[in-house]
Amino acid sequence: AELGGGTGIISLLLASRKKAGMIWVFEIQEAFSRLIARNAALNGLEDRIGVVCDDIRNADANITQGELDAVFSNPPYMRRDSGRKNECDEKTVARHEVFGGIEDFCRAGARLLKYGGDFFVVYPPERMAELFDGMRKSGIEPKRLTAVYPDEMHRPCLILVSGKKGGRPGMVVSPPFFIKRNGDSSAEYEYVMQNGEFDELYKKV
């Protein structure tokens, strides 16, 4: 399942590359939900992408017809009362915690996952502590952290974190992931774009 689908691009890419048999996309905004369904149909993926127009705080395994192997999310990064609000309400909802904070997303993931299932999330590094706290309170143990850097000269702009429901303590920190090196797209970035997954260097335990 994807929590907060937006336009659905990530789920569409995963389904088209056969990374999952069935993906349930939770998206509270009706316009985006219709767009995801339309894009799935246009790409012949309507039997592999189920769209749920609802608040992620209502998500549970009854909706998805059973517990899931994996849940992923690129949740809103900004607190409800912080940052400049976009004039477009849709963008405000996508970027601010209007319908739940990170702990709500973690709890939703835990309700959907089977024991031992995997939880994947993209989040800003400055809110890492809140993410880990939310995961552990939800029974999801952080297992892998990859910091994403725009280039060699800047601090990380994102963190990619995976966790396991009911997992034991112990986390692997991957090598840094650079989007660019020496002004050009890095080899690791190009590999992800071409293959839809990390190369082996970022999978080692």
Side-chain angles (χ1 to χ4, degrees), residues 1-113 117-124 126-127 130-131 134-135 138 140 148 157-162 179 192-193 196:
E2 179 176 13
L3 301 179
T7 61
I9 183 62
I10 302 301
S11 287
L12 288 165
L13 285 171
L14 288 173
S16 65
R17 292 180 172 184
K18 299 181 179 179
K19 298 293 184 181
M22 178 69 185
I23 302 175
W24 296 91
V25 185
F26 287 81
E27 173 51 55
I28 195 169
Q29 300 192 73
E30 188 175 344
F32 280 153
S33 294
R34 290 197 302 267
L35 178 62
I36 297 167
R38 180 174 181 272
N39 285 336
L42 288 173
N43 286 277
L45 298 170
E46 62 269 36
D47 60 335
R48 298 180 61 197
I49 293 181
V51 183
V52 182
C53 186
D54 200 355
D55 193 317
I56 60 99
R57 291 172 291 189
N58 297 327
D60 63 41
N62 291 321
I63 297 174
T64 56
Q65 302 172 18
E67 295 179 331
L68 307 177
D69 296 312
V71 172
F72 56 96
S73 183
N74 181 13
Y77 296 163
M78 304 179 73
R79 296 179 181 87
R80 187 167 187 169
D81 58 352
S82 68
R84 295 177 59 187
K85 301 293 191 296
N86 196 294
E87 293 180 2
C88 175
D89 288 340
E90 290 177 351
K91 291 184 178 179
T92 296
V93 171
R95 296 172 181 174
H96 291 77
E97 295 174 333
V98 177
F99 294 103
I102 188 58
E103 188 171 335
D104 294 303
F105 278 79
C106 294
R107 291 189 184 281
R111 290 194 300 273
L112 293 169
L113 285 170
D118 295 309
F119 182 71
F120 302 93
V121 64
V122 183
Y123 216 53
E126 61 269 22
R127 299 192 66 185
E130 294 169 74
L131 170 60
M135 291 174 70
S138 305
I140 299 173
V148 179
C157 53
L158 293 170
I159 54 172
L160 310 178
V161 177
S162 65
I179 296 174
V192 169
M193 291 297 101

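All values below were derived from every heavy atom in this structure, side-chain atoms included, with hydrogens, water molecules and symmetry-related copies excluded.
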Is there side-chain contact between [X] and [Y], with heavy atoms separated by less than 4.5 Å?
X	Y	answer
F26	S73	no
V161	F120	no
V121	F105	no
L14	F72	yes

Measure across [X] and [Y] and return the closest heavy-atom pair with its distance rounded to 0.1 Å.
X	Y	answer
I102	P75	CD1-CG, 3.9 Å
S138	E103	OG-O, 4.1 Å
G196	K19	O-CE, 3.8 Å
M193	R17	O-NH2, 3.1 Å

Looking at [Y], is its backbone amide N or carbonyl O close enough to the side chain of [X] to form a donor-acceptor pair, meaning the two atoms are under 3.5 Å apart?
X	Y	value
R48	A40	no
N39	I36	no
R111	A59	yes
E27	G6	yes

Got a second to check how far [X]'s [atom1] is from [Y]'s [atom2], nearest 0.5 Å?
X	Y	atom1	atom2	value
I49	E2	CD1	CD	9.0 Å
R107	L3	CZ	CG	14.0 Å
F119	L113	CZ	CG	8.0 Å
D118	I140	CG	CD1	10.0 Å
E126	L131	CD	CG	12.0 Å
D55	D104	CG	CG	8.0 Å

- Message: Looking at R38, I want to see if its CZ is surrounded by more than 12 non-hydrogen atoms of other residues, nucleotides or ligands under 6.0 Å.
- Response: no
- Item | Pair L112-W24, side chain to side chain contact (heavy atoms under 4.5 Å, CB included): steps then yes or no | CA-CA 10 Å; L112 293 169; W24 296 91; over 6 Å; no
- Message: Determine whether I28 and I56 satisfy the following criterion, side chain to side chain contact (heavy atoms under 4.5 Å, CB included), listing intermediate values before the conclusion.
- Response: CA-CA 7 Å; I28 195 169; I56 60 99; over 6 Å; no
